[in-house]
Amino acid sequence: MTVIVILMVSAALIVGALWGIYGTLSKNLEGFLVALAGGALLVSALLELIHTAVKNYSVPIALSVVFLGAIVFTVLDYLIKKKWSAPSGTGLLAAITLDGIPENLALGVALIGATPLSVAALSGSILLSNLPEAAGGAKEMVAKHSKSKVFLLWLATALILAAAALVGYYALANVSKEYLSYLKCFAGGAVVASLALEVFPKAFKQDKYWAGLATAIGLVLALYLNTLGSR
């Protein structure tokens, strides 16, 4: 089950990238899907990544680590766009990688002794956000890079995140839950920054006010998955 879940979550990046590179993706649909992912990421950031540490451990440390994650992502996003002249799609790639590594580490740990519903809730939220983000990011990157290079970049990202989940499952099983919670807080901060800088501005630009409804749909779906996991 562990291998299947990890493969499904990582495969969402590959399928999304292929869709963005070779498939037909209108601007309105792209914006709608990115907003949908943003709604799911809101739930993931607050309930799955930040809430546990704030509730059970040091609030000042947890919130400081959240802020640190946001700072790191913001700096990297600035360097990618302004200093390294990368296309905006690379910003989404950076977002997925930066918040995905600790998120997938946590996913691997969560799979240890987890119930099927809990696994479905966590992996479902990650999958729901990865697919449209990869599609939109890959589509933008194709404008400045070859299709093969873009696909290889997203394939490498998927492999890195799959490896992170396996490390979490096998190597972090005995790590303190407190430290693991702070690691998830860092991911949560990166997610929040990526929503403000990458996800919602892009969604509104592509799909205007429908992006608001799409965000609500993504949020509701992710909340429902979360309630399944808590039962």
Side-chain angles (χ1 to χ4, degrees), residues 1-21 33-34 36-38 40-45 48-50 69-70 72-73 76-77 80 86 89-112 114 118-141 149-173 175 180-195 198-199 218 222 225 229:
M1 184 180 69
T2 299
V3 174
I4 291 174
V5 169
I6 292 173
L7 287 177
M8 285 181 60
V9 170
S10 300
L13 291 176
I14 299 174
V15 173
L18 287 172
W19 183 14
I21 294 170
L33 291 175
V34 170
L36 188 79
L41 283 171
L42 275 175
V43 175
S44 177
E48 298 170 12
L49 298 176
I50 299 173
V72 170
F73 176 83
L76 286 178
D77 195 59
I80 289 170
T90 312
L92 279 175
L93 181 64
I96 290 175
T97 304
L98 186 61
D99 70 73
I101 288 177
E103 188 177 63
N104 279 266
L105 283 169
L107 172 63
V109 174
L111 290 173
I112 302 171
S118 296
V119 172
L122 183 56
S123 59
S125 295
I126 297 173
L127 190 149
L128 188 63
S129 62
N130 280 355
L131 183 62
E133 282 193 320
K139 181 184 177 183
E140 291 192 5
M141 292 171 69
K149 180 178 180 179
V150 173
F151 176 72
L152 288 175
L153 282 171
W154 284 94
L155 176 62
T157 301
L159 292 175
I160 290 171
L161 297 186
L166 289 173
V167 168
Y169 185 77
Y170 290 107
L172 298 181
V175 171
L180 183 62
S181 293
Y182 295 145
L183 179 64
K184 293 165 74 175
C185 282
F186 181 87
V191 170
V192 170
S194 72
L195 288 173
E198 293 285 342
V199 177
L225 287 172

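In this structure, Ala135 and Trp19 approach most closely via the heavy-atom pair CB-CE3, 3.9 Å. Scanning all heavy atoms of the two residues, the minimum distance from Ala12 to Ala134 falls at O-CB, 4.5 Å. Contact record, Phe73 with Ala193: CD2-CB, 3.6 Å, taken as the closest heavy-atom pair. Between Ala158 and Leu13, the shortest heavy-atom distance links the atoms CA-CD1, 3.8 Å.
Distance check, rounded to the nearest 0.5 Å: CG of Leu166 to CD1 of Ile6 gives 4.0 Å.
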